[in-house]
Amino acid sequence: MIKNINIDGNVDSIKLRINFIDKDYRDKILDELLDFIISKKLVHVHYDKESTNEYCQIRKLKSSSTLASIVTSTYCTVNDFQNINNYYISISFHGLIRYQKNVDDRSKLLLQYIAAYLNTKKIPFIITQFDICTDIKYSLENLVAVCVNRKSRKKYHPLGTYDDNGNKIQKNVGTYEVEKFESKEKRNNVMKLAYLYNKRKKEIMKANYDIGYEVSRLEMKLQSRFFLDKEISVRTFLQELKDYKLFYFKDIAQKDEFIQRYNKINNNK
């Protein structure tokens, strides 16, 4: 039995960035934003001394776990042969769907509060990362994810647990990449990535929390480059997710046969 699962998207993670040309003004906006967050009493602001350095300062917004982080840093651009310092505040929301009701509710409310604050204060921001996921209450062993719209020159892993060299497709146990990249540089320069992984196992490993039943997740990460080239809308995001298909196999032998036929036809191109 092969079941083609219709993919609907949920937002799992999102990153916002506010750009500045003046460091003092950035720091003023940061202080006001932190004061607002503290006033809502949803999270505690924790200054991450271990990860912070002279170039990058990190603050974690914590409840029972880290819901979001705020990073302040700088980067340099060249204009008319002059180096110009640019400053920014980056706000990352980590996992809006963890299957812990209190955590999920707080995460979504925190996102709503911060977005409303920025809009009310008319502080312009851009989206630099957007993760869309679809969760299936089936074991990973019964699922296969493939890309069905190969307009780009990207390569894709052959289906299965191992690549054509006999190596695990990804280091994390139970997580498989759809796209294949020969170097970290190429990975960083793409518009999107897709993963299929065991969500239940990930929550146990990261948060010591057991969802209580099998959940597998197909997740698509839209990278910074995507937002430079594409129109930002819910319709656009969902259209990107539809480039992938997720198949369910009740019969594992039938799944193995499908994988062999698929790999032979596509030959990893």
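As the structure is a prediction and not an experimental result, all values here were calculated from the model.
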Is there a side-chain contact between [X] and [Y] in this structure, where contact means two heavy atoms from C-beta onward sitting under 4.5 Å apart?
| X | Y | answer |
| --- | --- | --- |
| Cys133 | Ile97 | yes |
| Tyr209 | Ile204 | no |
| Lys199 | Ile211 | yes |
| Met220 | Leu193 | no |
| Val11 | Asp131 | no |
| Tyr117 | Leu33 | yes |
| Leu109 | Leu42 | yes |
| Glu179 | His157 | no |

Does [X] have more than 12 heavy atoms from other residues, nucleotides or ligands lying within 6.0 Å of its [atom1]?
| X | atom1 | answer |
| --- | --- | --- |
| Tyr213 | OH | yes |
| Asn208 | CG | no |
| Glu141 | CD | no |
| His46 | NE2 | yes |
| Asn102 | CG | no |
| Ile21 | CD1 | no |

Subject >> Audit row: Thr72, Tyr87, side-chain contact (heavy atoms from CB on, under 4.5 Å) steps and yes/no >> reply: CA-CA 8 Å; Thr72 53; Tyr87 307 92; over 6 Å; no

Atom [atom1] of [X] and atom [atom2] of [Y]: how far apart are they, to the nearest 0.5 Å?
| X | Y | atom1 | atom2 | answer |
| --- | --- | --- | --- | --- |
| Arg106 | Tyr113 | CZ | OH | 10.5 Å |
| Leu118 | Ile18 | CG | CD1 | 4.5 Å |
| Asp105 | Leu110 | CG | CG | 12.5 Å |
| Phe226 | Ile127 | CZ | CD1 | 10.0 Å |
| Ile259 | Phe249 | CD1 | CZ | 7.0 Å |
| Phe130 | Glu240 | CZ | CD | 12.0 Å |

On a heavy-atom basis, which atom in [X] and which in [Y] lie closest, and how many Å separate them?
| X | Y | result |
| --- | --- | --- |
| Phe227 | Leu222 | CE1-O, 3.7 Å |
| Leu30 | Arg59 | CD2-NH1, 3.7 Å |
| Asp48 | Lys60 | OD2-CE, 3.1 Å |
| Ser63 | Leu67 | CB-CD1, 4.0 Å |

**OP:** Determine, for Tyr156 and Lys180, whether the Lys NZ or Arg CZ falls below 6.0 Å from the six-membered ring centre while staying within 45 degrees of the axis.
**Re:** no

**OP:** Evaluate the criterion side chain to side chain donor-acceptor pair (under 3.5 Å) for residue pair Glu214 and Ser139; output intermediate values, then yes/no.
**Re:** CA-CA 6 Å; Glu214 289 301 319; Ser139 169; 4.9 Å; no

Subject >> Verdict with reasoning, Val103 to Ser64, per side-chain contact (heavy atoms from CB on, under 4.5 Å) >> reply: CA-CA 7 Å; Val103 173; Ser64 56; 3.5 Å; yes

**OP:** Please name the residue in the list Thr175, Thr134, Asp12 that meets the side-chain hydrogen bond (donor to acceptor under 3.5 Å, both in side chains) test with Arg217.
**Re:**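 Exactly one candidate clears the test, Asp12.
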
Subject >> Short N-O contact, Asp27 and Lys23, less than 4.0 angstrom >> reply: yes

**OP:** Using the side chain to side chain contact (heavy atoms under 4.5 Å, CB included) rule, pick out the option among Thr52, Ile58, Ile91 that qualifies with Val71.
**Re:** Ile58

Are side-chain N/O atoms of [X] and [Y] paired as donor and acceptor at under 3.5 Å?
| X | Y | result |
| --- | --- | --- |
| Arg17 | Asn19 | yes |
| Arg98 | Ser107 | no |
| Thr66 | His94 | no |

**OP:** Would you please indicate yes or no on a ring centroid separation below 6.0 angstrom for Tyr176 and Tyr197?
**Re:**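 No: the rings miss the under 6.0 Å criterion.
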
[X] with [Y], same ILVMFWY side-chain cluster at under 4.5 Å:
| X | Y | result |
| --- | --- | --- |
| Phe125 | Ile123 | yes |
| Ile70 | Tyr75 | no |
| Tyr47 | Val43 | no |
| Val45 | Ile29 | yes |
| Ile37 | Tyr88 | no |

**OP:** Just do the side-chain contact (heavy atoms from CB on, under 4.5 Å) check on Ile132 and Lys221 with the steps written out, would you?
**Re:** CA-CA 7 Å; Ile132 303 174; Lys221 292 181 175 290; over 6 Å; no

**OP:** Measure up the Tyr25 and Phe20 rings against each other and bin them: parallel (under 30°), tilted (30 to 60°), perpendicular (over 60°).
**Re:**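 Perpendicular, since the angle between the ring planes exceeds 60°.
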
Subject >> ring pair (Phe, Tyr, Trp, His ring centres under 6.0 Å) partner of Phe247, chosen from Phe258, Tyr262, Tyr138 >> reply: Phe258

**OP:** Go through Lys40 and Ile38 one step at a time and tell me if the side-chain contact (heavy atoms from CB on, under 4.5 Å) criterion holds.
**Re:** CA-CA 5 Å; Lys40 292 302 174 183; Ile38 292 170; over 6 Å; no

Subject >> Any donor-acceptor pair under 3.5 Å from Thr128 side chain to Ser224 backbone >> reply: no

